[in-house]
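Per chain, numbering begins at 1; letters A, B, ... match sequence-line order.
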Number of protein chains: 2
Amino acid sequence: MSEQTSKHTHVLVIEDQHLMRLALIHELQAALPASIVHGAANVTIALDLLESHQFDLVVIDPGMPGYDPKSQDDRLDVVQVILDLSPDAIHIVVTGSDTDEEWEHCQKLGVVGYLAKNNIRPGALVDVLQEVAERGYSVRLSNETTAPPEFYHSGLTPREQEILGWMRQRPSGISRKDIYEQLGERFDIDAASAEKYYKRARAKLLKTGLLPKGL
Amino acid sequence: MSEQTSKHTHVLVIEDQHLMRLALIHELQAALPASIVHGAANVTIALDLLESHQFDLVVIDPGMPGYDPKSQDDRLDVVQVILDLSPDAIHIVVTGSDTDEEWEHCQKLGVVGYLAKNNIRPGALVDVLQEVAERGYSVRLSNETTAPPEFYHSGLTPREQEILGWMRQRPSGISRKDIYEQLGERFDIDAASAEKYYKRARAKLLKTGLLPKGL
DNA sequence: CAAAATAGGGACAGGGTTGTCCCTATTTTT
DNA sequence: AAAAATAGGGACAACCCTGTCCCTATTTTG
């Protein structure tokens, strides 16, 4: 048994794809300011952690090696075992190959969140957690989005990247100034600062000779 | 046609899972200091970009929506189409469900890298690119690793996280001092600095009352 | 026991990012 | 033509992270 002394949220992420696991962990840390997040790359490690720690939230990708990813039974077995070992936690399933039936099965087991990997955008986990808190569950099945192309330039700061990303999605008919204000509100900064970042990003791109069309 | 004026490496990442795409982009930016990376969440966007830009490196996940992920033909079709549109680029396929045959098929089409998602660790892409440069190809099929559990605490800086991660993997028989020296060499910093980071990380964890066993 | 390793700190400079404020041309709208 | 929006800058303080150097107890190892 583990000490649950701290006020931190204890989270466990079970996912075999290293980059995806890290990304999920980052998302969760951003969503839960005071958090301790454990990562497990396979079921064995996960079971060890589940036995020695108590978690408030467990994120599971059932498509793990050692279990046939195409076998519905195997996938659900993984989920079942983990649920048995953490009965008090909130469980969210994340998968690359989602189906409606699997969600229903998971729900019967006690899972409250079911998310398709291609429908998890940066920052989306906050919404999911809130939805779970409010409605008791949250489902986001696979969804072919019409996301605009993205553009990343080494030499831009994260803020500049972010602001630029938003500006590139500016709908026609909306002035840049409006975007600045939206951004200011969203990031809780001055609209003038947002403007500044955009301009600096633009200047950097111009200097290197390549800025995407649409300015 | 596009201007290839700059000295930057032009990269395209085609991957429908948003978090994974971002992670790959970050990895590539770290691996290629002067780079411009474009991201496409689906084949349509990818084709648009391929027609308007010229790329040096294209990373493809063939498991895209709109194409049956279980259909070998569909997957290879995606790869084929992209290769046709960027004949001069280096092509690397990244997939969550890798098979030996698929690699062979891809290779015939002109792909030089074939990586299983669960075998891409942070920093691994540098090695892959170097291997491609040296041997002409690089393959990393699915591999159930015995990775140790990971531990992330909000409040630790990236450096502290990183150093802590390494220290937690310390084999018995190796002194911490040895690890400090290894870390110093690896990150090109003073061993004393590595020691400092570890101690500060430890202090933070103690203060919040939770440090993983193994100190 | 003596030496090495470890725990637990403090001080400090440098660098980059962030965020705010202010400035002047030029272009686009109204 | 007047007003608003945009491009393209500069200056500046605050903050955090990084990296280096130095210090003293305590514990472990040889």
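- In this structure, the CZ atom of B:Arg176 is 12 Å from the P atom of D:dT28, given to the nearest Å.
- Picking from D:dC21, D:dA7, C:dT18 the nucleotide with the shortest atom distance to the side chain of A:Tyr180 gives D:dA7.
- With C:dG8, D:dT20, D:dA11 as the choices, the nucleotide that has an atom nearest any side-chain atom of A:Lys196 turns out to be D:dA11.
- To the nearest angstrom, P of C:dA7 lies 16 Å from NZ of B:Lys207.
- Closest to the B:Ser175 side chain, of the nucleotides D:dC21, C:dT6, D:dA7, is C:dT6.
- In the set D:dA5, D:dT20, C:dG8, the nucleotide with an atom closest to the side chain of B:Arg202 is C:dG8.
- Residue A:Tyr197 has a polar side-chain atom (N or O) positioned under 4.0 Å from OP1 or OP2 of C:dG19.
- With hydrogens and angles left out, the side chain of A:Lys199 and the base of D:dA7 share a donor-acceptor pair within 3.5 Å.
- Annotation: of the two residues near DNA chain C, B:Arg170 and B:Arg200, the 5′-most nearest-nucleotide partner is B:Arg170.
- For the pair A:His38 (side chain) and A:Ile36 (backbone), a donor-acceptor distance under 3.5 Å is absent.
- Spacing between atom CG of A:Leu156 and atom P of C:dG16 amounts to 15 Å, rounded to whole angstrom units.
- Nucleic acid contact for A:Ala192: none, since no nucleic acid atom lies under 4.0 Å from a heavy atom of the residue.
- A close approach under 4.0 Å does occur between a side-chain nitrogen or oxygen of B:Ser193 and OP1 or OP2 of D:dT20.
- A straight line from CG of B:Asp178 to P of C:dA5 spans 8 Å, rounded to a whole angstrom.
- Taking atom CD1 on A:Ile189 and atom C1' on C:dT17, their separation rounds to 12 Å, with Å as the unit.
- A salt bridge links A:Arg140 to A:Glu131: at least one charged side-chain nitrogen sits closer than 4.0 Å to a carboxylate oxygen.
- Residue A:Glu160 is tested with A:Lys199, A:Arg200, A:Arg202, A:His153 for a side-chain hydrogen bond (donor to acceptor under 3.5 Å, both in side chains); the sole match is A:Arg200.
- The number of heavy-atom neighbours closer than 6.0 Å to CZ of B:Phe187, taken from other residues, nucleotides and ligands shown, is above 12.
- Summarising the geometry, the separation between OH on B:Tyr198 and C1' on C:dG9 is reported as 15 Å, rounded to the nearest angstrom.
- For CD of B:Gln169, the number of neighbouring non-hydrogen atoms (other residues, nucleotides, ligands) closer than 6.0 Å is greater than 12.
- Distances shown here put a side-chain N or O of A:Thr157 below 4.0 Å from the OP1 or OP2 atom of C:dT18.
- The side chain of B:Arg159 contributes no N or O atom lying less than 4.0 Å from OP1 or OP2 of D:dC16.
- Taking atom CD1 of A:Ile179 as the reference point, atom C1' of D:dT6 lies 14 Å away to the nearest angstrom.
- Separating the CD atom of A:Glu195 from the C1' atom of C:dT18 is a distance of 16 Å, rounded to the nearest angstrom.
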